[in-house]
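Throughout, a chain's letter reflects where its sequence line sits, starting with A, and its residues are numbered from 1.
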2 protein chains.
Amino acid sequence: MNKKIRIKDIAEMAQVSVGTVDRVIHNRGEVAEDSYKKIMAILEKTGYKPNLLARTLGSNKTFRIAALMPNPAQDEYWEQSAEGVKQAEDEWTQYGVEIRPYHFDLYNKASFASQAQNLLETPPDAVLTAPIFHQEALNFFRTCGEQNIPFVVVNNTIEEGGSLSFIGHDLNQSGRLGAELLHLSNTQPGTYAILHVYDDVHNSLHLNEKEKGFKEYFAEQNGGGFKVISRDLNHTHEPSLEKELNDLLSDASLRGILVTTSKGAFIVSRLIEKKGKNGVRFVAYDLLKENLHYLENGIIDFLINQNSKRQAFIAISQLANHLLFKKDALPTYLFPLEIISRQNLKSYLHTGR
Amino acid sequence: MNKKIRIKDIAEMAQVSVGTVDRVIHNRGEVAEDSYKKIMAILEKTGYKPNLLARTLGSNKTFRIAALMPNPAQDEYWEQSAEGVKQAEDEWTQYGVEIRPYHFDLYNKASFASQAQNLLETPPDAVLTAPIFHQEALNFFRTCGEQNIPFVVVNNTIEEGGSLSFIGHDLNQSGRLGAELLHLSNTQPGTYAILHVYDDVHNSLHLNEKEKGFKEYFAEQNGGGFKVISRDLNHTHEPSLEKELNDLLSDASLRGILVTTSKGAFIVSRLIEKKGKNGVRFVAYDLLKENLHYLENGIIDFLINQNSKRQAFIAISQLANHLLFKKDALPTYLFPLEIISRQNLKSYLHTGR
DNA sequence: CTTATTTTCGTTTGCGCACACGGAACTGTC
DNA sequence: GACAGTTCCGTGTGCGCAAACGAAAATAAG
């Protein structure tokens, strides 16, 4: 691994000019058979690595990345995500990467489609998106594919993707983890509930994965004898939600509750607080401000951190690396499933990034 | 926040030449009061950010960072740390950063001192170290200070440091977390043990912090009635260790054990496995191979991940940023206290970095 | 054998910055 | 007023690469 071989060096060895070497490196033709082979051989032998600094400096391009994400004003989870995008922007603007956000309405499929349309009118060099709406996302991905626009996906996968990379969690494992945290040293059999609390529309595929993991975990526990119940709760109609929840809580055999949506956490927390929490373990998702409050006062026992901020940050970085340095991203980048308790919470809030 | 302001632009605005602007940016004097102020003002106002690519390309320097760390062959924890260093090297070599490791014997103070001596003979531009040996480290830091060599410290702080940055954990909080994980829903009072298992020498200051946090946690729990015991165990004399441990385990009121050293984890695990684990919760540190084994088979309930690999990676990155880009590091960079269970383990092993 | 066309290649410029060099303008000295 | 010493500042070159430009060589066309 010799160091510091420049194009110039290659040129000298091959007895040609730098221009010629450059042409074969970017194989844009106009090079004689002979020279081509000769240069290729030397390129191989020396293991030439271009100086990426000089490369991106020299090719004075500027790349545009579009971020098609939910409106951050609608949801703190997506607000954090937007922060991640901004953070990545700070890091990459100096390299000539420009990020344009396109926000769609989290509760409106049509808005996703129309923003996607918007986006494609001035096609960016790459795209980041959270495919909340399955069908609409598929359509969008298809056109991206046709137009050769690389894209990465956060939050939840879409199988038929064609994406450069998926960045997020193993949702099945996530459900299992939730189950484990509820089960922990509750040796007696009992009932465990998994609740999907959502607004108008929701991403059922996404939540199903968690539920599957949750159920698998309890099925695997020796002895069995666990009762697992699952509920879909629409929180826009609060009274019925409250009733449903009260029924649940009055079941004496109930040992634990997992709420799969980040917003659901504090909605359920409120009700639990009202009713009193008697020995039921409660686990939920994400470090939203309200959730932290309920973690601190003991209503929530554990939070699983999905770290939407970092997801977005990494996603943009992958795209930037792809565009600038031609480094390809891992097809799936799974985040650690971070367990947050009262005692390690601070250590997650302080960290620089 | 307009982007793409070059030195040339600044120069035009200030009606001077690029050379002058350059001089104030690197404040190496030879600039009249007037011009200086004028340029500084514009620098502020425009929020000028130098193009790091061009900068490192132009100043064709190469920096040397020395890593004074324990011999990775002696301990898996430090092996992981060395991997972090290597990873950082991969990332930074292209920017002209060169990393030279100096390994000292983990069980031999003199070796630390002599390697430190070695290192200083061809003084590097910056230093990373793990100050395992208090007094020796202090001496070393003093000379670094005298020679103006910036250094960062991982693993454990040294108060009187003078280091650019400390990278590691809040050890008090770490002890508290260990306590919480043991205590979790063990509502009845009982006994909780904190064990320091070490080799010949050990870093008592380091471990004391954890113990303090551990005790604080239990003191704060309402009801109280917890008995906390602490033991220093030298594992080089195995029979006596085993006896001590057996005594402990036969205490019927024992509810949980926290082992504070990464190696101690599997040593204690073996003995617990032999004796049988009856309801006692067991929490330990770090993702060493053997520890993972005992986590998977249920001897260990939780591991707290100190992530020595990432500590080293971040440490080198901070130094590189400091040298190349003059970004100063945070004086202390505390890592999240990661809780590892059977169910989220995989998600920590897979991640790219 | 010209003239036109294509293939092949060397040269040059610019990217944004660091830094060396040397030149003005100013100050002081005798 | 001639000379040396300061202080301040502009210009030029190089970092390694990309890419435009245009020249030479090879080939085709007339």
Value in whole Å for how far the C1' atom of D:dA19 lies from CD1 of A:Ile25: 13 Å

Length of the CD-P vector between A:Glu30 and D:dA18, whole Å: 16 Å

Atom pair distance, as rounded to whole Å: NZ in B:Lys8 and P in D:dG10: 15 Å

B:Glu33 or B:Gly19, whichever maps to the more 5' nucleotide of DNA chain D: B:Glu33

Charged N-O contact under 4.0 Å between A:Lys8 and A:Glu12: no

Short side-chain N/O contact to C:dT8 OP1/OP2 from A:Ser35, under 4.0 Å: no

Touch class at under 4.0 angstrom, heavy-atom based, for A:Asp22 against every strand present: base

Protein-nucleotide distance (A:Arg28, atom CZ; D:dC17, atom C1'), rounded to Å: 11 Å

Residue pair B:Phe140, B:Phe151: steps toward the side-chain contact (heavy atoms from CB on, under 4.5 Å) verdict: CA-CA 10 Å; B:Phe140 177 54; B:Phe151 58 97; 5.8 Å; no

Spacing of B:Asn27 atom CG relative to D:dC8 atom P, expressed in whole Å: 15 Å

side-chain N/O A:Ser59 vs D:dA18 OP1/OP2, d < 4.0 Å: no

Residue whose closest nucleotide on DNA chain D lies nearer the 5' end, B:Val16 versus A:Arg6: B:Val16

Sugar-phosphate only, base, or nothing, as touched by A:Tyr48 at under 4.0 Å among non-hydrogen atoms: sugar-phosphate

Sugar-phosphate, base or nothing in reach of B:Tyr36, heavy atoms under 4.0 Å: nothing

Integer-rounded Å distance: D:dA20 P and A:Arg23 CZ: 11 Å

Touch class at under 4.0 angstrom, heavy-atom based, for A:Leu57 against every strand present: base

Sugar-phosphate only, base, or nothing, as touched by A:Asn60 at under 4.0 Å among non-hydrogen atoms: sugar-phosphate

B:Ile314 side, atom CD1; B:Ile167 side, atom CD1 - distance, nearest 0.5 Å: 7.0 Å

Heavy-atom side-chain proximity of B:Phe141 to B:Thr129 below 4.5 angstrom: yes

Sugar-phosphate only, base, or nothing, as touched by B:Lys61 at under 4.0 Å among non-hydrogen atoms: sugar-phosphate

For atom CD1 of A:Ile7 and atom P of C:dT11, their distance in whole Å: 15 Å

Spacing of B:Asn51 atom CG relative to D:dG16 atom P, expressed in whole Å: 16 Å

Salt-bridge present (A:Arg28, A:Asp22; N to O < 4.0 Å): yes

Sugar-phosphate, base or nothing in reach of A:Thr56, heavy atoms under 4.0 Å: nothing

side-chain N/O A:Thr20 vs C:dG10 OP1/OP2, d < 4.0 Å: yes

